[in-house]
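Structure record follows, encoded as structure tokens.
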2 protein chains.
Amino acid sequence: MSPSAALPARDVAACCATPVTSAPLGADDALELARVLKALADPARLRLLSLIAAADGEEACVCDLTAPVGLSQPTVSHHLKTLVDTGLLTRDRRGSWAFYALVPGALDAVAGALQRPGR
Amino acid sequence: MSPSAALPARDVAACCATPVTSAPLGADDALELARVLKALADPARLRLLSLIAAADGEEACVCDLTAPVGLSQPTVSHHLKTLVDTGLLTRDRRGSWAFYALVPGALDAVAGALQRPGR
DNA sequence: CCCGGAGATCGACCGACGTCGATGTTGACG
DNA sequence: CGTCAACATCGACGTCGGTCGATCTCCGGG
């Protein structure tokens with residue numbers, strides 16, 4: 001169990017408390033924001049997010065995501081777990097399927113952490 | 001010379017043409033956006049960006065950045081080069097010093113690529 | 001013309017990460 | 001209760017990226 005997986009990982013919004021351009025950004029805040037951005041900095045995960053966002057009801061199961069991204073099922077599961085651990089997705093197990101959905105406002109919080117507060 | 005370093009790297013705004021949440025996001029667009037996000041997904045680079053943004057005139061030289069981030073001079077130069085190549089910073093050589101400044105609107109463009117178009 | 005300082009580049013080391021096949025787990029259905 | 005399908009986990013492999021010390025380049029000053 002890695003130390004980074006042990007933390008709450010439920011509050012993506014916490015990283016937008018101090019926007020990058022407003023103050024020198026402490027070491028801890030930089031580490032937290034980098035953790036979320038690192039989860040986003042992968043083509044496969046970006047495509048998975050957009051596929052889920054564009055899906056009906058804004059949720060999708062693994063079987064619907066494997067083909068479009070062109071990756072194996074274990075790899076897709078791995079990426080989805082990463083996004084869930086980061087607090088960007090939620091997992092809902094219904095029957096044999098696992099439905100993934102966007103956490104409302106999570107992406108907006110990350111976007112807010114990058115913009116300058118003045119404008 | 002890596003293939004990724006050969007491309008223009010001047011238009012960070014190009015990656016916000018199709019927001020993550022608006023369409024399934026093609027493989028090429030995902031690769032481009034991931035390239036910019038990967039440059040941001042590092043604590044040291046985030047701190048460098050915030051230091052430059054908070055500096056007087058929104059520019060700073062390497063000698064002023066080495067101490068605050070607690071890294072060696074070659075490492076800081078390496079990170080700054082990464083940010084310049086990605087189109088997030090500009091380098092201006094004046095005398096013996098190299099001044100780095102934010103590219104106006106670059107961070108906002110990345111932020112725009114993460115937000116949903118609807119709101 | 002020579003020297004010193006600021007910064008960039010080089011080469012190397014090492015940990016982190018994406019990817020896969022194989023296997024384990026869990027629920028649905030006869 | 002046995003079987004199958006969907007998904008998660010595991011172990012391994014190859015690559016990429018952050019970091020450093022050493023060195024190179026360039027400019028200013030004496």
Side-chain angles (χ1 to χ4, degrees), chain A residues 1-6 27 30-31 33-49 51-52 55 59-86 89-101, chain B residues 1-5 27 30-31 33-49 51-52 55 59-86 88-101:
Chain A
M1 184 183 304
S2 70
S4 65
L31 212 66
L33 181 53
R35 208 179 63 88
V36 180
L37 287 173
K38 200 172 296 185
L40 288 171
D42 184 89
R45 288 194 285 268
L46 285 175
R47 298 191 70 186
L48 288 173
L49 281 176
L51 281 169
I52 293 173
E59 66 175 10
C61 60
V62 181
C63 59
D64 293 332
L65 298 172
T66 305
V69 296
L71 294 175
S72 71
Q73 175 264 322
T75 301
V76 172
S77 264
H78 166 66
H79 284 312
L80 291 173
K81 174 178 172 54
T82 299
L83 292 171
V84 169
D85 289 344
T86 318
L89 286 183
T90 57
R91 168 166 38 210
D92 181 26
R93 188 103 197 214
R94 290 203 298 271
S96 299
W97 299 278
F99 288 88
Y100 289 85
Chain B
M1 183 182 305
S2 71
S4 64
L31 214 65
L33 181 53
R35 209 177 62 88
V36 180
L37 286 173
K38 200 171 296 185
L40 289 172
D42 184 89
R45 287 194 285 268
L46 286 175
R47 298 191 71 188
L48 287 174
L49 281 177
L51 281 169
I52 293 173
E59 65 175 11
C61 61
V62 181
C63 58
D64 293 332
L65 298 172
T66 305
V69 296
L71 294 174
S72 70
Q73 175 265 323
T75 301
V76 172
S77 262
H78 167 66
H79 285 312
L80 291 173
K81 175 177 170 54
T82 299
L83 292 171
V84 169
D85 289 344
T86 319
L88 295 170
L89 286 183
T90 57
R91 168 167 36 209
D92 182 25
R93 190 100 196 216
R94 292 202 298 270
S96 298
W97 299 278
F99 288 88
Y100 289 86

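In what follows, chains carry the letters A, B, and so on, assigned in the order in which the sequence lines appear, proteins first and then strands, with residues in each chain numbered from 1. Worth saying up front: this structure is predicted, and the values here are computed from it rather than measured.
Distance, Lys81(B) NZ to dA6(C) P: 22 Å, rounded to whole Å. Distance, Arg93(A) CZ to dT25(C) P: 13 Å, rounded to whole Å. Regarding Asp92(B), its CG atom lies at a distance of 13 Å from the P atom of dG7(C), rounded to whole Å. Atom CG of Leu31(B) and atom P of dG18(C) are 14 Å apart (whole Å). One interatomic measurement links the two molecules: CG of Leu83(A) to P of dC7(D), which rounds to 16 Å at whole-angstrom precision. The CG-P distance, from Leu71(B) to dA8(C), rounds to 15 Å in whole Å. In this structure, Phe99(A) atom CZ and dA6(D) atom P are separated by 12 Å, rounded to whole Å. Distance Leu80(A) CG to dC7(D) P: 10 Å, rounded to the nearest Å.
Between Ser77(B) and dG7(C), a side-chain N or O to OP1/OP2 separation shorter than 4.0 Å is absent. At dA6(D), none of the side-chain N or O atoms of Tyr100(A) fall inside 4.0 Å of OP1 or OP2 (strictly under the cut-off). OP1 and OP2 of dG18(C) both lie 4.0 Å or more from every side-chain N or O belonging to Thr75(A).
For the atom pair CZ (Arg45(A)) and CG (Leu49(A)), the distance works out to 9.0 Å, reported to the nearest 0.5 Å. Here the CG-CG distance, from Leu33(B) to Leu40(A), works out to 8.5 Å after rounding to the nearest 0.5 Å.
Comparing Cys61(B) and Thr82(A), the nucleotide of DNA chain C nearest to each residue sits closer to the 5' end for Cys61(B). Nearest-nucleotide positions on DNA chain C for Asp42(A) and Val76(B) put Val76(B) closer to the 5' end.
Residue Arg94(B) is out of contact with every strand shown, counting any heavy-atom pair closer than 4.0 Å. Residue His78(A) is classed as a base contact, given a heavy-atom separation below 4.0 Å to a base.
A salt bridge between Arg94(A) and Glu59(A) is present, with a side-chain N of the basic residue lying under 4.0 Å from a carboxylate O of the acidic one.
Closest of all the heavy-atom pairs between Tyr100(B) and Leu80(B) is CE1-CD1, 3.5 Å.
For Ser96(A), taking side-chain heavy atoms from C-beta onward, the closest of the listed nucleotides dA6(C), dT9(D), dA28(C) is dA28(C). Listed nucleotides: dA6(D), dG21(C), dG21(D). Nearest to the side chain of Ser72(A): dG21(C). With distances taken from any side-chain atom of Pro74(A) to the nucleotides dC20(C), dT19(D), dA8(C), the minimum falls on dC20(C).
Here the options are Leu48(B), Leu46(B), Leu65(B), the test is side-chain contact (heavy atoms from CB on, under 4.5 Å), and the partner is His79(B); only Leu48(B) passes.
Contact annotation: side chain of Gln73(A) to base of dA8(D), donor-acceptor pair present below 3.5 Å.
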